[in-house]
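Convention: sequence-line order gives letters A, B, ...; per-chain numbering from 1.
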There are 2 protein chains.
Amino acid sequence: MDEAEFLASYDPRAYPPVAVTVDVVAFTIRQDELTVLLVRRACPPSEGMWALPGGFVREWEDLPTAAARELAEETGVATAHRRLHLEQLGTYGAPDRDPRMRVVSVAYLAFAPHLPDPVPGSDARVAAWTPVGEATDSTYGLAFDHATILADGLERARSKLEYTPLATKFVGEEFTVAELRAVYEIVWGEPLHAGNFHRKVLSVPGFVESTGGVTERGGARGGPRAKLYRAGDARLLHPALLMPSREETVR
Amino acid sequence: MDEAEFLASYDPRAYPPVAVTVDVVAFTIRQDELTVLLVRRACPPSEGMWALPGGFVREWEDLPTAAARELAEETGVATAHRRLHLEQLGTYGAPDRDPRMRVVSVAYLAFAPHLPDPVPGSDARVAAWTPVGEATDSTYGLAFDHATILADGLERARSKLEYTPLATKFVGEEFTVAELRAVYEIVWGEPLHAGNFHRKVLSVPGFVESTGGVTERGGARGGPRAKLYRAGDARLLHPALLMPSREETVR
DNA sequence: AAAATAGTGTCTTTAAGACACTATCCG
DNA sequence: CGGATAGTGTCTTAAAGACACTATTTT
């Protein structure tokens, strides 16, 4: 029996119930750390454990809309938050990933600069921005398969920094090259050469464009004022900015 | 109401019915053309139109297992076909993508060398390997949103050739550099420089390894026998083989 | 004044691409 | 033999990385 036949003879009681949910891996940078939004589960199973925010997809709701709504419910960020980047990460549907029933979850990845502290929702859930170093620790005990989803999201974010202008989604509308470099260093977890990075960023067509302005003040511990840039119109970076440590990590 | 609360109070009749299906974009190369497996729909809606093979996910079945099963049902290829590559492409869940009910479809991408002619299933469906040039023609009229899924699959395949050893999945266990080059030329749709390609492939660590053997005969129209290689152990290609035309296509 | 930072210059090494060339094999 | 193909050599250019250096600003 194929899809067509099955659906032609569709009867809600004739097949096993499946729930479709969205889970959101929302990253933001706070205090020079990459953090992910987690919520504390208020009911079984895994009551009291941390989990990714997520929930049931509503009847007439598109998948990305559902993801944006779930994020908004936790953070109070308007769904149409101007600088929010949302992309599909993958779908997780192992039959036993939720002990109660078959749940297929479509995971989304969200990036935004300086997202606010979670707003306690009307249902008074606890949500918190958690450093990814803690959240990916195997002893942290995320609920369900959320540790896998988070790991996949982190890997996606790291590699998207290489060949897309994703880093500009983590900084404000106007930013300095040093701020952009900080994003790379924080997400990749290793220091970059300031001079070479500077030249490289400016040499990639469409990555950033100058606003003409400079910062009000120099660096916190000294140094000249930095020129300001905004995101350019490139969708892909050519040539790409490759992670330094890729060489040996690769095989 | 969040996911946890919803599921805690789960009752199959309390929420709108959703079906979860898998659709498979299966690529193989036949007669120097990239082809995709399509089936002709035997019942409404879109009766008689071509569509990607796919179907309902069974109760205790994992998502990739469901995709492999759907492919096997059309091609007769054993699910454990030794050289079949299967990866998740994305999930398509627009509320109106199927007129009958809410259907969320998880699309998979499959690659294999020389897949056989489709075996008419027990239900006598018609299936055929169709050149992607025809299938992606906007007048070809694929059912549902399958034109979008196919386009996404093609784009994924093209870019995966760049930085992964995916091309080795389209050729036999042992292959020549020229055969590998043909894969790139067919999928990318443009000729490559034979000499530079040869040197490049051999210079990427872990891409291919020599078997020590050579072909029985030279090229069909002359030329020396070619050395034989098998896939190496690299998961990523460093440095990558970038598409020639990327330069201006990018922004 | 001291220290830190923004930004540039330059050199070395690696990789990509263009082109040429030889050796081998088919018909 | 003529033509096509496998594989290599070499040169030019682009890009990555290491290092040095100047100018500017903060404390």
Any donor and acceptor pair, going by atom type alone, linking the side chain of B:T35 with main-chain N or O of B:T28 inside 3.5 Å? yes
Would you please name every residue forming a side-chain contact (heavy atoms from CB on, under 4.5 Å) with B:A194, sequence neighbours left out? B:R181
Can you name the residues that form a salt bridge (charged side-chain N to carboxylate O under 4.0 Å, His left out) with B:E174, not counting sequence neighbours? none
Partners meeting side-chain contact (heavy atoms from CB on, under 4.5 Å) with B:S210 (sequence neighbours left out): B:Y229
Could you give the CE-to-C1' distance, from B:M243 to C:dG17, as a whole number of Å? 16 Å
Whole-Å distance, B:H238 NE2 to D:dA16 C1', equals 14 Å
Just the rounded figure in Å: distance from P of D:dG7 to CZ of B:R181. 10 Å
Side chains of A:D152 and A:Y92, donor plus acceptor under 3.5 Å: yes
Using every non-hydrogen atom in the two residues, find where B:A167 and B:Y184 come nearest and quote the distance to one decimal. CB-CE1, 3.4 Å
Can you name the side-chain contact (heavy atoms from CB on, under 4.5 Å) partners of A:N196, sequence neighbours left out? A:H193, A:R199
Any donor-acceptor pair under 3.5 Å linking the side chain of A:E190 with the backbone of A:P244? no
Reading nucleotides 21-27 of chain D from the 5' end, what letters show protein touch, with B for base, S for backbone sugar-phosphate only, - for no heavy atom under 4.0 Å? ---BBSS
Under 4.0 Å, heavy atom to any atom of DNA chain D: which of residues 187-202 of chain A qualify? A:H193, A:N196, A:R199, A:K200
Between CZ of B:F175 and C1' of D:dA6 the distance, given in whole Å, is 16 Å
